[in-house]
Amino acid sequence: MGSTAISTQQAFCNLQKFTPLSYASSCRSLRSRRKCAVPIRCCSPSPAAEVATAAKENRRELLKNGDDNLEICRVLNGMWQTSGGWGRIDRNDAVEAMLNYADAGLSTFDMADHYGPAEDLYGIFINRVRRERPPELLETVRGLTKWVPPPVKMTRSFVSESIDVSRRRMDVAALDMLQFHWWDYSNPGYLDALKHLTDLKGEGKIKTIALTNFDTERLRIILENGIPVVSNQVQHSIVDMRPQQKMAELCQLTGVKLITYGTVMGGLLSEKFLDTNLTIPFAGPALNTPSLQKYKRMVDAWGGWSLFQELLRTLKTVANKHGVSIPTVAVRFILDQPAVAGSMIGVRLGLSQHIKDANAVFSLVLDEEDISNILQVTNKGRDLQKVIGDCGDEYRR
């Protein structure tokens, strides 16, 4: 970016003014909490009660930057699957499915302006919630959307009109979160767009501003320009650990959180693909959706199908040990990574559902043996940071 380039050390020093809590004070606070005396109880809670309490506490996460904050469910319902390529979506069935997810506590929905009817479905859904559900549920529902503009001049009127479209489609006065994507870093118009979005947030049209698929360098520049970003949505899975190499460190310094997608790799990280051989035509499950095709390419870049089968067998052993599924283990592993606030599971509304597996994530605790066994396999794969680049670079090549 030419004149905007600065040293890593200087950038981290500059970013301290954005840091809600320093590493040192965080550690002191954590140590002090651990040292607090535990009150003696006449009777200990049952293991089942402890699991239920832990699951409730693990369910939600607060995203925060300054005075901006938004609480989300840590397992998000991803709505990319409404955009076509996963089967025909019936509007009424889709909305009923969204209500089922919300009723089960999975009340955060992630969409985008270009995900087909996703924003429109959310608008119908939120009105059903307002009419048919108690206010307590409405207070927990979150609709996160993305804005992916064309490479035109980012004027105030253009940005405002674009955001108004999403507000109308979702039938909300203020967007809970606007996640901004930009294709070409050589065009600095992304800073103009973000500054206009900040103004719109000040006017009450947006509650929180976030990013999607930005790399570490651009996140640093954005924060230095005073944009109150609360999160960055990036691809992150057991196979794709790139966000933990550079991005997570900056996030921990600044308080920005990560929301992850591709965490179950479009369904590849599941029992369905265990012990299959995709090198033989028609021998295994078809890669018949855009997400399966996309993440199969990531498997190839990482280490190939044979190594991926070794990973699936390891995950199945862990899953059996805890009485859960492979996708549940895959999501829990990523939620336990530094700076990760929430992970996405794509929903095929009205066609299939994963409520049981998703809710099992909150009570699952992976022990040291589980993690060690998983890492023994993943460490055999290629470093995707070297193969692909930083977060989001796969979209800019």
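Since the model is a prediction, treat every value here as computed from it, not as a measurement. Count residues from 1 along the sequence.
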For Y261 and N213, does a side-chain donor sit closer than 3.5 Å to a side-chain acceptor?
yes
Can D336 and R332 be counted as an ion pair, charged N to O under 4.0 angstrom?
yes
E368, Q376, E369 screened by side chain to side chain contact (heavy atoms under 4.5 Å, CB included) with S372, the one that passes:
Q376
Do L138 and L121 land in one hydrophobic cluster if side-chain heavy atoms of ILVMFWY residues count as linked below 4.5 Å?
yes
F308 and F273: ring pair (Phe, Tyr, Trp, His ring centres under 6.0 Å), yes or no, with the steps?
CA-CA 10 Å; F308 187 68; F273 287 90; 8.0 Å; no
Just by distance, no angles: are the side chains of S237 and T263 close enough, under 3.5 Å, to form a donor-acceptor pair?
no
Please confirm whether the backbone N or O of D367 pairs with a side-chain atom of D370, one donor and one acceptor, at under 3.5 Å?
yes
Backbone N/O of H354 and side chain of Y101: donor-acceptor pair under 3.5 Å:
yes
Over 60° means perpendicular and under 30° means parallel, so classify the ring planes of W183 and Y395, tilted if in between.
perpendicular
Between the side chains of K201 and D68, is the shortest nitrogen-to-carboxylate-oxygen separation below 4.0 Å, so that they form an ion pair?
yes
Do F125 and F109 make the cut of ring centroids closer than 6.0 angstrom?
yes
Under 3.5 Å, is there a donor-acceptor pair between the side chain of W182 and the main chain of N187?
yes
Got more than 12 heavy atoms from elsewhere within 6.0 Å of CZ, R88?
no
Path from V165 to I206 over hydrophobic side-chain contacts below 4.5 Å:
no
With E203 via side-chain hydrogen bond (donor to acceptor under 3.5 Å, both in side chains) - residues at least two apart
R156
Taking NZ, NE, NH1 and NH2 as the nitrogens, is one of them in K380 or E310 under 4.0 Å from a carboxylate oxygen of the other?
yes
Do K207 and N69 have side-chain heavy atoms sitting under 4.5 Å apart?
no
Is it true that the NZ or CZ of K294 lies under 6.0 Å from the centre of W80's six-membered ring and within 45 degrees of the ring axis?
yes
Strictly below 4.0 Å, N to O, side chains only: are D176 and R142 in salt-bridge contact?
no
Judged by modelled atom types alone, do Y185 and R218 share a side-chain donor-acceptor pair under 3.5 Å?
no
To the nearest 0.5 Å, what is the distance between CG (L194) and CG (L211)?
6.0 Å
Interatomic spacing from CD1 in I227 to OG1 in T198 - rounded to 0.5 Å
4.0 Å
Audit row: N232, Q179, side-chain hydrogen bond (donor to acceptor under 3.5 Å, both in side chains) steps and yes/no:
CA-CA 8 Å; N232 185 23; Q179 300 167 104; over 6 Å; no
Would you say W302 and L375 are hydrophobically clustered, going by side-chain heavy atoms of ILVMFWY under 4.5 Å?
yes
Do M154 and K195 have side chains that get closer than 4.5 Å, going by heavy atoms?
no
Under the side-chain hydrogen bond (donor to acceptor under 3.5 Å, both in side chains) test, residues paired with K356 that sit two or more places apart:
none
Can the ring centres of Y190 and H181 be said to be less than 6.0 Å apart?
no
We want to know whether D110 and N77 form a side-chain donor-acceptor pair, criterion being a heavy-atom distance below 3.5 angstrom.
no
Testing the 3.5 Å rule here: is there a donor-acceptor pair between the side chains of T317 and T314?
no
Are D300 and K296 ion-paired here, with the side-chain N under 4.0 Å from a carboxylate O?
yes
Main chain of T140, side chain of S107: is a donor-acceptor contact present, judged purely on distance under 3.5 Å?
yes
State, yes or no, whether a side-chain contact exists between L250 and V256 at a heavy-atom distance under 4.5 Å.
no
Is the backbone N or O of R128 less than 3.5 Å from a side-chain atom of R133, with the two atoms forming a donor-acceptor pair by type?
no
Which residue in the set R168, R167, R169 passes salt bridge (charged side-chain N to carboxylate O under 4.0 Å, His left out) when paired with E119?
R169
Short side-chain donor-acceptor distance under 3.5 Å, S157 and S160
no
Quick check: does any side chain N or O of S166 sit under 3.5 Å from a backbone N or O of I163, one acting as donor and the other as acceptor?
no
For R59 and F362, indicate whether the former's side chain and the latter's backbone hold a donor-acceptor pair under 3.5 Å.
no
Could you give the distance from SG (C251) to CG (L219), rounded to the nearest 0.5 Å?
5.5 Å
Measure from the side-chain N and O atoms of R396 to the backbone N and O of G392, and report whether any donor-acceptor pair falls under 3.5 Å.
yes
Residue that, paired with F214, satisfies side chain to side chain contact (heavy atoms under 4.5 Å, CB included) out of D390, I221, V229, I222
I222
Can you tell whether the side chains of D120 and R91 come within less than 4.0 Å, N to carboxylate O?
no
Kindly check if the number of other-residue, nucleotide or ligand heavy atoms within 6.0 Å of CD (E132) is above 12?
yes
If you define the side chain from C-beta out and look only at heavy atoms, does anything of L384 sit under 4.5 Å from M298?
yes
Would you find a donor on one side and an acceptor on the other, under 3.5 Å apart, between the side chain of W305 and the backbone of T276?
yes
Could you list the donor-acceptor pairs under 3.5 angstrom formed between side-chain atoms of residues 344-353 and any protein atom two or more places apart in sequence or on another chain?
residue, atom, partner, partner atom, Å
R348, NE, W86, O, 3.3
R348, NH2, W86, O, 2.4
Q353, OE1, I355, N, 2.7

